[in-house]
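Scroll down for the structure; my scribbles are underneath it.
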Amino acid sequence: FALKGSLALSEQVFTFANYSETDADASFRDGNNAAITSDQDVKRFDLGLGLRAPLNTNSTGQTDLVGRIAYTDIDYGDFDFGASGNPAVSDLDDDNSDGYFADAAVRTELTDRLEGSAGLRYTDIERADNVSFIGNLLFSLTPDWGLNFEVDAGDEIGVYSLGVRYDFN
């Protein structure tokens, strides 16, 4: 599951936070051709800032360039801010599972009920970095409720999600 939220600070600037829990199943063969399986809980927390720059307005709606940067923490098993499990903010630099991501995407209203975006994300988590394609389709059921499909597909890992969106505006 995942919980995501954003808050507009102005017409162009917003802040956002995401928390997700995923069950990751992996199977592979080691150097001796022995089968290795893994079932691991993966928890992720993102906290960031974004900027929206309007590009143009057409007959179906607005097209924007959206850029975001965020602190991100990925943990396996229990969620800890920092490697020692110490909840103090000063422990964040000890954690080898935290880092940041930065992305840029073009978002446009395709119809009065369908919005889409596509872009690139760079993620840097300690000794691992990744460039991935990000995309989103939002189908509005009502002015407040919608169905959302997201993809974050990189060289190593792909995340696909389907969810419900509620707009508090």
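We're numbering straight along the sequence, starting at 1.
Separation of atoms CG (N56) and OG1 (T63) is listed at 4.5 Å; rounding is to 0.5 Å. T57 OG1 to D64 CG: the interatomic distance, rounded to the nearest 0.5 Å, is 8.0 Å. Separation of atoms OG1 (T108) and CG (L65) is listed at 12.0 Å; rounding is to 0.5 Å. Atom OG of S6 and atom CG of L49 lie 11.5 Å apart (nearest 0.5 Å). The CG atom of D46 sits 11.5 Å away from atom CG of D98, with the distance rounded to the nearest 0.5 Å.
Put simply, the side chain of R52 reaches to within 4.5 Å of the side chain of P54, judged on heavy atoms. A heavy-atom distance below 4.5 Å is found between the side chains of L110 and L137. You'll find the side chain of Y166 reaches within 4.5 Å of the side chain of W145, heavy atoms only. Two residues are said to be in side-chain contact when any heavy atoms from C-beta on lie closer than 4.5 Å; T72 and R44 meet this criterion. Looking at T123 and R121, their side chains come closer than 4.5 Å, going by heavy atoms from C-beta outward. The shortest side-chain heavy-atom distance between Y122 and V131 falls under the 4.5 Å cut-off.
Within the 3.5 Å criterion, the main-chain N or O of F1 finds no donor-acceptor partner in the side chain of E21.
Looking at every heavy atom in both residues, P143 comes nearest to D167 through O-CB, 4.4 Å. Scanning both residues, A105 and I134, for their nearest heavy atoms gives CB-CD1, 4.4 Å. What you find for F14 and L51 is that their closest heavy atoms are CE2-N, 3.6 Å. Considering all non-hydrogen atoms of both residues, E115 and R107 come closest at OE2-CD, 3.1 Å. Between R113 and L141, the closest heavy-atom pair is NH2-O, 3.0 Å.
Criterion: ILVMFWY side-chain heavy atoms under 4.5 Å apart, direct or through other members. Under it, L114 and L147 are part of a common hydrophobic cluster. In terms of hydrophobic clustering, with Ile, Leu, Val, Met, Phe, Trp and Tyr side chains grouped at heavy-atom distances under 4.5 Å, F16 and F45 are assigned to different clusters. V164 and F139 fall within the same hydrophobic cluster, defined by Ile, Leu, Val, Met, Phe, Trp and Tyr side-chain heavy atoms under 4.5 Å apart, directly or through other members.
Considering N130, I74, D73 as possible partners of I125, the one that fulfils the side-chain contact (heavy atoms from CB on, under 4.5 Å) test is I74.
Ring orientation note: the planes of Y160 and F149 are close to parallel, at an angle under 30° on the 30°/60° scale.
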